[in-house]
Structures are given as structure tokens and as C-alpha cells.
Amino acid sequence: MSLSGGRKTLQEREAMTDIERLRHSCAHVMATAISRLWPEAQFAAGPPVENGFYYDVEMLHRVTPEDFPKIEAAMQEVVTAAQPFEKEVVSRDEALKLAEQGRLAALSARPAPSKFKLDIIRSIPDGEPISLYKNGDFIDLCAGPHVADTSLIRAFKVTSIASAYYKGDESNPQLQRIYGTAFHDAAAMEAYFLALEEAKKRDHRKLGKELGLFVVDDEVGQGLILWPPAGAILRQELQNFISTELRKQGYQQVFTPHIGKLALYKTSGHFPFYKDSQFPPIIEKESLDKVVSENCSCAEMTNRLEAVSARFAGALNERTGSNMIEQESVMSDDKLLDGYLLKPMNCPHHIKIYASRPHSYRDLPMRLAEFGTVYRWEQSGELNGMTRVRGFTQDDAHIFCTEEQVSGEILGCLALVKKVLSTLGMEEYRVRVGLRDPDSTKYTGDAANWDKAEAACRDAAKTLGVPFTEEPGEAAFYGPKIDFVVRDVIGREWQLGTVQVDYNLPVRFDISYVTAENTRRRPVMIHRAPFGSLERFCGVLIEHFAGAFPLWLCPEQVRVLPVTDAQVDKAREYEASLLDRGVRVTVDASREKLGAKIRLAQTEKVFYMLVVGAREASVESVSVRSRKRGDEGVKPFAEWLRLLCEDIAERKN
RNA sequence: GCCGGUUUAGCUCAGUGGUAGAGCAGCGGUUUUGUAAACCGCUGGUCAUCGGUUCGAAUCCGAUAACCGGCUCCA
């Protein structure tokens, strides 16, 4: 959080780490430098952020990367001058007066008032102290804290520019956000930039293209992933693995189609509530012809699609005991227009499977699992490789259970996450419990059920044995959730899976089970996708492994390399044996030298290379070279194959 | 969606108003090769798309699209 958003509390300020303090101080140094170069610059907020800091500035000059050396040179002068940061607590009137004079975030008084600072001062609640920090002639409104003097900033760099709205609000002026970073010493900064390079090499978009793992094609559409053979293997192996674990946990596989009628999503509440993040409805030809012949306007057509019948409204309002469906969205049947939606979620379909026959308490918990592909209209600027897409496949399941079973089911889900992540060598993760924001009205369902669901999540989180945080405002609209945040091998965090407790949809769909006392009772639903989507999960895995997958996931597990043409037949023989055991193998029969074949296999991240020369061929052996460890010596082929199959079956890393 | 940048051969990238280039990949030939690149030759481009300025546009201008970095959003 920065000054521009919610203000930091005093506690948060005090908790600022050394490096944050240093970076925040460096933001002031950068503002000082920019003021020197462009005295008219107006500054808004300049907080430390992960890996650096930024300062939002408004000025006529558009900063470009060519300006960075200039800014850095001016910053260096400030640093060399060893200007102390002097704090001064002032009254609100004094602060306002300085801002009016344009004296804040500036080197001297200026004709124009420091308008953003003025606005920030006005937003500071009464009673909270207002402080200024001064370095040299530069005075800035700032709650601090800062390092003692500018000479402590021994390593810094201006890194990038972006634009941002003042206070993140589109109706506010657009500012230039200038990013930089700072470290206690040059070695730390160098290490940081090296790590950045490393991350770049692992970028799943780069590796995905090089290794043929995924493709996005303009003509197919933005954010729609195509899986070429190598990527398909990766996905299929993961799916097989997860499915096996799900079966062990008593899940049942189901399949459902990619679309459903609008009515289904009106019952669930997804439509029209979330229409802006869905692909628009698909309308049948006859209906379309009808509205065209009636000269229906676009707005009218939308109304007809979004409206419901009186019977529907009555039934839903009765079930939910509310006036959820308002009178104005009711329309007579002959006006109503139905259509289909590409499914934004799998839950309504799964509920229909549950509801297709009566259930006894003895059936519960019922766990319906599907790798279900869903479609969401993400904003174009948000799309990114495999991690943010418009069509994705969730490792989804819906658990229908009694209230008493909720926390046990959440624990089961966590056990699954633990198993899969440990198999993949990703041992670090934390848990976030998302609760409702008491001041918001975006949630459906009654308060009592929310309290129950939140308590269930909190209790489950407590028994997990992993660190967790509670975050109000992070709940789904129908219930609280538990998110899994995974840390990858180079320390980045990824929000993957989620578990959501839902008391709401069972009501809306009026589902029930028969209790031991022969009464009807509502089940609780748990939505869970422990790895989120296969697309995002694969993207994370590509970066985690830098494209060099463990044996069982490797698209090409073995490549046989005959040394000369004379060994090609033998290589084919080995290939056939490997194929027969289900190993993914090819032969490099090109007329290249061995070194070239190895180099190619190595860059293509093939797990094992089997060198077959005259010596090996004559005694049914292979010279084994592993991608990781290099030459492993000559081994009898049959024996090596047996060990290989064991490693694959055990999903060894 | 908003702001800024980018878009040249399958890939990585040169090319700042005067007939489109390199390396790798691909194809053909020579070489029969032992643990990270043999040699020679050839093919390959409507310079993202559409429009404009100009005698002449990859190059200048405008629109559109995609991508990248941010912002906002994320059931």
C-alpha cells in the first residue's frame, strides 16, 4: 500500500524493513534529482515496492529511458552530498501553506501549488501527525521513516517508466510512474540484476516457444492456448498424476459440456451479475431472426436476455428467502430471449449431476471431479502467456457434504496439494483465508451462513500446520475461500489453487439430501481447484524447472544417438523396446557428429541420451548420458531400461 | 479497458527516404563422425494489417491488430 491508496498505519510504518526504508529514501533522492532537471514536476506518491520503489510524477516532459542516465547522475550528486534527512512535524495549517506555495516535493517555492501533496494533506485524518522530510533544499510531505543521510544509498538505478492514475482511479489524472531500485551495496544490486536475468531465461513464454510447449495464435484468439505435442504430454502427465491422487481420495470423475443455457447461470447468479467478465451469450438462429424481425435494439435484446420469467423470480426469491430477483428484471414469457453461455465455471453443471437423483446422508461426501474448461473475458491488457488467459482448464471438483464434514474435506484438499507439490519439488507455500468485507454489498447469501462458512475456513486453516493469514475482502461473492500461494525455486510467489465453502448455490438450486431422521437437509458445497488451472500451473512449472522437467514429465525422455550410420539399426531396436515400455523416445539418425547430436538433445532438454557406437552395439549396451549429470558410463541396455521404468513409475525427480 | 513501447525469414536480430541483410533452423551435396556446434551450396520475406505523404516508404504520418512493461480488474 502506498500513500496514494490506503495510508499505512503507524505500525506498518514502524515495521518498514531496512531495505524498504532505504528504497523509500531513494525515492526522495530521485524526486530531488527530477526536480533539479524539471523544476515544474509535480509529485504524488513515492513508496517502496517489492524489489524497489517508484515515484509518481506529473510534468510536461515525457521521461524516456534515454533520460535515465541523466536522472541517475543528478541522484549521484545528491548521494555524494550526504544530505541528512531531517524530519519536522508541522501543523496542518503550516503543511497546507507550504503546499499552496508549491514548496512541497520541490527544491524551492514555485508558482503552482503542490497539488497532489495538498490533496494528500487533506486526506490525512485529524489527530494524525503531519511530518515533512527535508534533504538539502528538497522538502517533501512524508510520514517516513528514512535513512540518516543520502550517502547511505550506495547502489541505485532508475529501472523503468509506466503510467498510473493518481490514486489508481481512472477518473484522476494520469501520472508518469518512474521505477527505480536501491540496495545497501553494489554487490547486492548486482545479484538482483543477475536474478532478473535468470528469471528472464526461465520465462515460460520464451521457453514455451523454444520447446514447443504452447502456442497462442492471433487468428485463434488472444488468451486461447494451443497445446502442441510436447505441451500436451506435459499436461496429460500432470492430469494423469492428479487423477490418480483424486481416485485415492474418493473423487469421482465426471464430464460436462463447454456451454450451458443462460437460465442455468441465472439460477446460479453468474448471469447477468458477471456478464462483463464473460464471453457474450450465444443466441439461437431462430431467436436471433425473431428479434431482428421485431427491429429490436441492441439494448432491448440485452434486456430480454437478462430478464427472467415471473415464475423463475418467484421460485428463486422463495428459495433464498429474499428479493434477490427484482421486479424490474421480470418479463413476460413471449418477450424473453434465451441463449447459451460458454461456461465461466463448472459448478452449475456439477450441481445438476448431483441433483439428477436423490441422495442419502450415506452418499456424502460426494466428490465430483472434472478437468473442466472455462471461459472468461479477461481484459486484453491482462492477458499473459499461460498464466492469464481467456480459456482455461481447472482441476476442478465440487464436494457435496454435510456441515460437519466441511473441515475434514478442506484438510483432504490440502493433503492433495501437499502430495502434488512435494512430488514436483515445490515444498514452500502459504495459505490465505479470504473473508468477506463487512462494508461491501457484493456478497450473496445470509449473514448466518457466512459466519458458519468463515468459521469453518478459519478452523480448517488452523489445523493445517502451515502459516496462514486472514484477509477481509478477499472472499468470493458466494463464500469465503482458502487460497494456496506457492513459492517457486527462485523465490517468486504464485497464487494457484483455491478452496471455497459455499452455502449459497445449494439454496439457489434447491438441492438436498435425506438425513438419518428421514428429513431433508441442504448439503454444503465446497468448490476446490487446488492447482487453479492447468494452463497457469504448467506456466509456473515451466519456470520452476526452467524447462528441464523431471523424467516423468519430460516430453522426450530418451533420445538414442547412433555414433555412425552402422548403429542406426541397433538404435531402432532399442527405440522399439523403449516404446514398448511406454517410454517417450526418438532416434537421432542424422549424419551429424556425436557432439552435435548431444548439443541438440541437450538444448532440447531431453532427459537421457543413449550413445550407441560399435562397442556398445556389439554387447547389447548403451553409453548413458544424462541431461543433468553428463556421461554416466556404459550399461547393459536391458538392465538400464528396467531401472528407467522404475524411475518413471515412481515419478522420481 | 487505460498509458507507454514493440512488430523485418521458422527462431534471434541488423537495416533512419533510393531495388531487403546476417547467424541459426530447413533443403541438397561432401564428410562416417565417441560425449555441447564438420564443410560447401541452395531455398526462404506483401518488412503485422489497412490507409496517407512522397518521383520513390521497412524507414515519415494516421488507424487497426497482436505482443511487452505498467495501471485497473480477476466469480
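Letters A, B, ... mirror the listed sequences (proteins, then strands); counts begin at 1.
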Mate of G4(B) across any strand shown (Watson-Crick or G-U wobble, both atom pairs under 3.5 Å) is C68(B)
What one should report as the nearest heavy-atom pair of I511(A) and P523(A) is O-CD, 3.4 Å
Practice prompt. In whole angstrom, give me the gap between the C1' atoms of A36(B) and G1(B).
Written response: 47 Å
task: May I ask you to evaluate whether R205(A) reaches the phosphate of G69(B), defined as a side-chain N or O under 4.0 Å from OP1 or OP2?
output: yes
### Same-atom distance (C1') from U54(B) to C61(B), integer angstrom
12 Å
U43(B) -> Watson-Crick or G-U wobble partner, both distances under 3.5 Å, gives none
Gap in Å between the two C1' atoms, one belonging to G17(B) and one to A65(B), rounded: 26 Å
Side-chain atoms of R177(A) come closest, of U33(B), C71(B), A75(B), to C71(B)
Output field: ring centroids W450(A)/Y503(A) closer than 6.0 Å
no
- Please measure how far the C1' atom in A58(B) lies from the corresponding atom in C71(B), and state the result in whole Å. 33 Å
Taken to the nearest whole Å, CE/M525(A) to P/A75(B) is 16 Å
- For the residue pair Y375(A) and F279(A), does the interplanar ring angle fall in the parallel (under 30°), tilted (30 to 60°) or perpendicular (over 60°) class? perpendicular
- [ ] Quote, to the nearest angstrom, the C1' distance that separates C24(B) from C60(B).
- [x] 33 Å
Y274(A) on top of A75(B)'s base, within under 5.5 Å and under 30°? yes
Atom CD of E592(A) and atom P of C24(B) are separated, to the nearest Å, by 12 Å
Residue pair L264(A) / H349(A), side-chain heavy-atom distance below 4.5 Å
yes
Rounded to whole Å, the CZ-C1' distance (R388(A) to C68(B)) equals 16 Å
What one should report as the nearest heavy-atom pair of G339(A) and L305(A) is N-CD2, 4.5 Å
Distance, P atom - from G41(B) to A9(B), rounded to whole angstrom
24 Å
Grab the N/O contacts between the protein and nucleotides 3-11 of chain B below 3.5 Å, and write none if there aren't any.
unit_1	atom_1	unit_2	atom_2	d
C3(B)	O4'	Q174(A)	OE1	3.4
C3(B)	O4'	Q174(A)	NE2	2.9
C3(B)	O2	S163(A)	OG	3.2

Hey, what's the ring geometry for F549(A) with F545(A), parallel, tilted or perpendicular (30° and 60° as the breaks)? perpendicular
Regarding the side chain of T564(A), the nearest nucleotide among A36(B), U33(B), A75(B) is U33(B)
For F537(A) together with F531(A), are the ring centres under 6.0 Å from each other? yes
Closest non-hydrogen contact found for L505(A) with S268(A) is CD2-O, 3.3 Å
Any strand, both distances under 3.5 Å, Watson-Crick or G-U wobble: G62(B) pairs with C50(B)
With 3.5 Å as the limit, what N/O pairs link the protein to nucleotides 41-43 of chain B?
none

Of A36(B), A75(B), G34(B), the nucleotide closest to the side chain of R599(A) is A36(B)
Atom CD of Q176(A) and atom P of C71(B) are separated, to the nearest Å, by 15 Å
- prompt: Y55(A) and F43(A): aromatic ring centres closer than 6.0 Å?
  reply: yes
Note: contacts of residues 367-381 of chain A with RNA chain B (heavy atom, under 4.0 Å) are Q379(A), S380(A), G381(A)
Winner on side-chain proximity to E616(A), out of G34(B), G69(B), U35(B), is G34(B)
Between NZ of K597(A) and P of G34(B) the distance, given in whole Å, is 11 Å
Determine, using ring centers only, whether W227(A) and F214(A) are less than 6.0 Å apart. no
note: I598(A), atom CD1; U33(B), atom P; distance rounded to Å ~ 16 Å
As its Watson-Crick or G-U partner within any shown strand, both distances under 3.5 Å, U30(B) has A38(B)
Applying ring pair (Phe, Tyr, Trp, His ring centres under 6.0 Å) to F193(A) and not counting sequence neighbours gives none
* Say you pick atom P in A37(B) and the same atom in U46(B); how far apart are they, in whole Å? -> 35 Å
Of K481(A) and A566(A), the one whose nearest nucleotide on RNA chain B sits closer to the 5' end is A566(A)
R390(A) CZ to C73(B) P, in whole Å, measures 18 Å
Note: K206(A)-E210(A) ion pair, threshold 4.0 Å (strictly below):
yes
So, are R528(A) and D396(A) salt-bridged, with charged N and O less than 4.0 Å apart?
no
Between CG of D217(A) and P of C67(B) the distance, given in whole Å, is 11 Å
The residue among F68(A), F156(A), Y54(A) that forms ring-ring contact (aromatic ring centres under 6.0 Å, His included) with Y179(A) is Y54(A)
Does NZ or CZ of R390(A) lie under 6.0 Å from the centre of the six-membered ring of W377(A), at an angle within 45° of the ring axis? yes
The nucleotide from A75(B), A36(B), A38(B) with an atom nearest the side chain of T603(A) is A36(B)
Please report the distance separating the C1' of G45(B) from the corresponding atom of G15(B), rounded so that it comes out in whole Å. 14 Å
* So does N384(A) get a side-chain nitrogen or oxygen closer than 4.0 Å to the phosphate oxygens (OP1/OP2) of G69(B)? -> yes
_Under 4.0 Å, counting only non-hydrogen atoms across every strand here, what does E604(A) touch: a base, just sugar-phosphate, or nothing?_
nothing
Closest to the 5' end of RNA chain B, once K593(A) and L383(A) are matched to their nearest nucleotides, is K593(A)
Across all chains, not counting sequence neighbours, the side chain to side chain donor-acceptor pair (under 3.5 Å) partners of D631(A) are none
Per atom distances to the V563(A) side chain, the nearest of U33(B), A36(B), A75(B) is U33(B)
Item checked: R23(A) and E20(A) ion-paired at < 4.0 Å -> no
Answer for the Watson-Crick or wobble partner of G17(B), both distances under 3.5 Å, is none
Practice item. Look at all strands and tell whether S277(A) reaches a base, only sugar-phosphate, or nothing, counting heavy atoms closer than 4.0 Å. Key: base
message = Over all strands shown, is G613(A) touching base, sugar-phosphate only, or nothing at heavy-atom distances under 4.0 angstrom?
response = base
Hey, are D502(A) and K481(A) close enough for a salt bridge, meaning a charged N less than 4.0 Å from a carboxylate O?
no
Just the table, please: protein N/O against nucleotides 62-65 of chain B N/O, every pair under 3.5 Å.
none

Of the candidates G34(B), U33(B), C73(B), the side chain of R615(A) sits closest to G34(B)
